[in-house]
Structures are given as C-alpha cells and as structure tokens.
S.K.: 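Take a look at this one; I'll ask things after.
Just so we're on the same page: letters track the sequence lines, and every chain starts at 1.
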There are 2 protein chains.
Amino acid sequence: MDWSIQDVARLASTTSRTLRHYGDLGLLPPSRVGSNGYRFYDEHSLVRLQRILMLRELGLGLPAIGDVLGQQQDENAALRHHLDWLKQEQQRLVRQIRSVKKTIDTLNREEQLMAENMFDGFDHTEYLEEVERRWGADAYRQSDAWWRSMSTAEKTAWRLRQRALGADWQAAAVRGLDIVGEEAQALAQRQFDWLHGIPGTPGVGAGPTREYFLGLAELYVADERFAANYGGQVGAEFVRDAMVVFAERNL
Amino acid sequence: MDWSIQDVARLASTTSRTLRHYGDLGLLPPSRVGSNGYRFYDEHSLVRLQRILMLRELGLGLPAIGDVLGQQQDENAALRHHLDWLKQEQQRLVRQIRSVKKTIDTLNREEQLMAENMFDGFDHTEYLEEVERRWGADAYRQSDAWWRSMSTAEKTAWRLRQRALGADWQAAAVRGLDIVGEEAQALAQRQFDWLHGIPGTPGVGAGPTREYFLGLAELYVADERFAANYGGQVGAEFVRDAMVVFAERNL
DNA sequence: GATAGAACTTGACGTAACGTCAAGGTCAAG
DNA sequence: CTTGACCTTGACGTTACGTCAAGTTCTATC
C-alpha cells in the first residue's frame with residue numbers, strides 16, 4: 001500500500017522536489033526506499049504530509065513544523081508564538097505603508113522643489129512656529145543660520161546621523177530595552193551630543209540645558225510630526241523616558 | 001574631502017560590509033579607490049547613501065532602488081508599485097492571522113477528539129443542515145456513509161486533494177485568471193471530477209447534475225464557511241463564476 | 001531482446017541582503 | 001620593529017525550494 005513520489009506529489013499538488021526536500025530535512029522520510037533508491041510513501045506519510053502542508057499554509061517555518069510534529073513543541077504554544085510574530089510583521093507593514101504613502105504625497109507636492117536634497121529642514125527648522133513658541137525667535141534664527149551655513153556634505157552627514165539615531169531609537173524601543181539601562185542611556189547621550197552641534201539650542205557650547213533637553217523630550221511625545229521620526233507614539237514615549245532619566249542623571 | 005569606509009559606516013549607523021555590498025552591486029561605488037585598494041567616499045556618495053537608506057527603509061529591494069537612482073524608473077511610479085505589493089502582503093498576513101487564530105480555537109475546543117486526523121468531515125458532512133436543506137436527508141446519509149466507509153489512507157488522500165484544489169483555486173483568483181480561460185476551466189473540471197467521487201451528489205456515476213453543480217457554486221459564495229476553503233469571498237466568487245461557465249459549456 | 005520515453009536518483013547552483021569568519025595586506029603610533 | 005586598528009578579497013550561511021544536469025531504472029512497444 002504505497003505510492004511513488006510522483007503519485008504523492010500529484011495528490012498534494014506539490015512537487016517531487018519538495019518531497020525530497022522534506023525527506024532531506026527529516027520532516028517526511030519515505031516509508032520505504034527500494035533497492036533501486038526509489039522513495040515510496042504509505043498512508044502514514046500522507047497524514048504527516050497533510051499536517052505539514054497545513055502548518056506551512058499558516059506560515060510556520062519548516063524547523064518549527066518539525067518541532068511540532070516531533071512532539072518537541074506543543075502545537076498550541078507554537079501557534080501562539082507564531083501568531084505573535086505574525087502580528088509584529090503586520091505592524092511593520094502598516095508602518096511601512098504609512099511611510100510610503102507619506103513619501104509619495106511629499107514627492108507630488110514638492111516635485112520641482114527638490115533638486116538635489118531629498119528633504120530640507122530638520123527638527124527645528126521644519127517646525128518653525130513650535131520652536132519659536134517654546135524657545136523664542138532667537139533660537140530659531142540662530143539654528144536656521146547655522147543650518148544654512150553648512151555645506152551640502154555637512155548637511156547630508158548631519159541628516160545621516162539624524163536618521164541613524166532615529167532608527168536606533170526605534171530598534172531600542174522595539175527590543176523593549178530598559179530605559180535606565182546602558183544601551184538606552186548611550187542613545188540618550190548620542191541625542192545630547194547631536195543637539196550639541198546645533199546653535200540656537202539654549203546652553204550650546206556646554207551642551208543643551210536641562211530645561212531645553214526635557215522640553216524637547218516632551219515635544220517628541222506631544223507632536224506627532226516629531227514622533228514620526230522616532231517610531232510613532234510608543235517610540236517617542238520611549239525616547240522621552242530615556243531622555244528624562246538621562247537629564248536627571250547628567251544635567 | 002573624502003571619508004574611509006568606516007567613517008561612512010559609523011555616520012550612517014551601518015556596517016562596512018553593507019557598503020561593500022552596495023559597491024559590488026554598483027549601487028554606491030566608492031568615489032575613489034586608493035592604490036592600496038582602500039575605498040573612499042565623498043559628499044555625493046553620502047547624498048546617494050542617504051537616498052538608498054531612505055528607500056530601503058520603505059522596503060524597496062536593492063535592484064529597485066538601483067533603477068530609481070539610475071533614473072531608469074520614475075520614483076513616483078516605483079513607490080506606487082511598491083505600495084501595491086505592500087498592500088498585498090498585508091492582506092496575506094491578515095488571512096494568515098485569521099487562519100492561525102481559527103486553528104488555535106479549534107485545537108482548544110477539540111483537544112482530545114483529534115487522535116490521528118486533524119479535521120474530520122468535509123464540505124458535506126461538515127455542514128449537515130445546509131446540505132439536507134438543499135438536497136434532502138438522503139444526500140447527506142449517502143455521502144456520510146461513503147465517507148465512513150473509506151480507510152484512513154483514502155480519507156487522507158481525499159483531503160489532500162481537497163486542499164490542493166482549494167489552494168489552486170486561490171492562486172488562480174489571486175493571479176486574476178480569466179474565468180473562461182483554459183486554466184480556470186481546467187480547475188472547474190477538477191472540481192467536477194472531485195465531486196464525482198462523492199455519493200449522495202445528485203447524478204453521481206455520470207457526474208454531478210447541472211443543477212447540483214450550480215447550486216454548490218452558489219453555496220460557496222453564500223456561506224462563509226465554504227468560502228474559507230476557497231480564499232474568502234473574492235476567491236469564492238471566482239470559483240463560482242468559473243463553475244457557472246463550466247456548467248453552461250459541459251452539463 | 002532492443003529501444004524509446006517516462007520516472008527516478010544525487011548533486012549543485014540560484015534566490016535577498018547582507019552577517020560572519022578567515023587569511024592576509026596597510027598604516028599610524030610607540 | 002611591533003602592535004593594533006583598519007583595510008582587502010573570498011567564501012559560506014541564511015529560507016524553501018526551483019531548476020538544470022548527468023546518469024540510472026522502469027515500462028511499454030516493436
């Protein structure tokens with residue numbers, strides 16, 4: 001009562017290559033191998049294949065499927081774990097979709113404006129009125145002048161660092177790091193140093209003042225335009241909390 | 001005015017390996033290569049890297065990024081195309097998440113029931129009352145008896161074919177095949193043949209009757225439990241339409 | 001029994017975007 | 001001259017198979 005590899009492949013609408021692959025991984029060994037090397041499968045193989053295909057449709061990886069089938073993992077637990085992963089992936093996609101849409105919008109609105117540089121402006125110049133309201137017109141004028149005085153290379157390098165910082169903050173928030181931990185505080189230090197370079201920031205030279213630093217931290221949470229650079233609301237809150245801790249310790 | 005590979009890597013918070021990779025692909029060639037083989041990058045490189053990293057964060061593949069940067073592709077068009085792909089991926093994830101949840105539920109409700117076979121029943125026995133309402137109690141009794149009379153291997157093989165058919169229908173719907181085309185009609189033929197094996201289906205022996213076949217097609221669309229096996233509402237409608245065409249031509 | 005064609009085998013490369021050794025030059029500082 | 005930091009090329013590993021390639025075996029036919 002056994003079938004050839006092609007019989008089984010046709011039954012399951014898959015390929016012999018796939019069955020051989022599963023055989024190589026030990027997921028679905030042939031029930032019998034002829035003296036000529038031909039693989040044969042019996043009814044138990046079919047049941048096992050049925051389960052493999054089910055789990056694969058759910059998106060589980062082959063090693064995970066192996067663990068479930070080998071009783072080394074509770075199926076229920078494996079599925080729950082997998083579900084968490086799927087939800088995370090979905091969130092990632094949602095964020096990417098939002099970003100792509102925003103980028104398309106920006107491109108269409110400012111088509112001819114962007115000659116060489118993708119996006120001009122940065123945290124401060126981009127949000128003029130907010131900065132002026134908080135720290136006065138002088139602060140804005142100073143940082144704006146500083147920005148304009150930079151060469152293209154300097155501007156680009158600056159933006160590169162800005163993006164890198166934002167990405168690292170985001171990664172830290174996702175990894176759920178402790179805000180008082182070493183890594184998160186190192187990021188806060190980078191944030192401090194980064195602000196250090198911007199004239200118009202109260203206390204520059206010695207570095208931003210405690211008040212300014214804390215005010216900026218709150219701004220990240222309060223204004224969604226800022227939050228976008230730090231991984232959304234949740235990310236911004238993580239950034240703020242780490243910055244607050246940093247300020248209390250060092251400023 | 002140039003920087004070493006490490007300088008640039010640190011600036012962008014990436015690795016030298018990544019920069020070398022981009023160099024190998026022609027995405028970001030060094031602006032200068034020393035006689036010692038060392039790579040050096042200038043300000044234009046930084047601007048280019050800035051754009052590469054932006055697009056990569058949006059999820060574009062490196063070849064696509066290359067096309068955009070090389071002006072071989074309109075950025076706007078590329079992003080729109082990418083957005084479509086992202087949306088599709090998201091739909092896929094939504095479906096998978098639903099499936100995983102359903103499977104977890106089923107597992108918890110019927111924990112001890114499932115000794116060897118994952119799911120018992122099939123289209124007909126699973127939806128007793130619907131089948132009886134449409135084609136009478138006799139139809140159900142016959143197909144139920146047929147099902148019970150099969151060996152484990154036969155049942156498994158049957159389910160394997162059922163799943164394969166469902167998956168192929170789903171793929172066909174996603175690919176947007178023409179319902180009157182060769183491939184879709186071949187699927188309808190398989191659907192017909194598959195029903196052929198089930199006693200209790202009116203007209204079996206000669207194959208299902210036209211009326212039964214059409215009724216089943218409508219059922220797939222009307223009942224979401226059936227639709228689930230054929231790729232949701234949209235998939236079920238595709239199946240129905242192809243089946244209707246098949247019935248008109250052959251029954 | 002010879003032969004063609006279908007089915008089977010193992011082996012190996014390719015995929016996306018790098019991470020991660022490995023082995024070996026180059027350079028600045030002491 | 002040595003040490004250590006930094007640089008190079010080369011190559012394997014990752015996921016789940018697809019896709020040849022080359023050789024062997026089975027089956028049907030003449």
S.K.: If you assign each of B:Leu60 and B:Tyr38 to its closest nucleotide in DNA chain C, which residue comes earlier from the 5' end?
M.R.: B:Leu60

S.K.: So, applying side chain to side chain contact (heavy atoms under 4.5 Å, CB included) with B:Leu28, which one of B:Thr18, B:Leu19, B:Val8 is it?
M.R.: B:Leu19

S.K.: With the side chain of A:Thr15 defined as its heavy atoms from C-beta on, choose the nearest nucleotide among D:dC6, C:dT9, D:dG18.
M.R.: D:dG18

S.K.: Is the shortest heavy-atom distance from the side chain of B:Leu53 to the side chain of B:Arg56 under 4.5 Å?
M.R.: yes

S.K.: According to a strict under-4.0 Å criterion, is B:Thr18 in side-chain N/O contact with OP1 or OP2 of C:dG19?
M.R.: yes

S.K.: Identify which nucleotide among D:dT9, D:dC17, C:dC18 has an atom closest to any side-chain atom of B:Arg39, counting heavy atoms from C-beta outward.
M.R.: D:dT9

S.K.: Tell me whether B:Arg48 contacts the main-chain N or O of B:Leu27 through its side chain, where contact means a donor paired with an acceptor under 3.5 Å.
M.R.: yes

S.K.: Provide a list of protein-nucleic acid N or O atom pairs under 3.5 angstrom, restricted to nucleotides 13-16 of chain C.
M.R.:
none

S.K.: Closer to the 5' end of DNA chain D via nearest nucleotide, is it A:Asn36 or A:Leu25?
M.R.: A:Leu25

S.K.: Identify, with sequence neighbours excluded, every residue that meets salt bridge (charged side-chain N to carboxylate O under 4.0 Å, His left out) alongside B:Asp67.
M.R.: none

S.K.: Taking only the side-chain heavy atoms of B:Arg20 (C-beta and beyond), determine which of D:dT8, C:dC18, D:dT25 contains the nearest atom.
M.R.: D:dT8

S.K.: Using whole Å, what does the distance between atom P of nucleotide D:dA16 and atom CG of A:Leu27 come to?
M.R.: 9 Å

S.K.: Could you tell me if the side chain of A:Phe238 sits less than 4.5 Å from the side chain of A:Val234, heavy atoms only?
M.R.: no

S.K.: Are the side chains of A:Arg163 and A:Arg159 in contact, using a 4.5 Å heavy-atom criterion?
M.R.: no

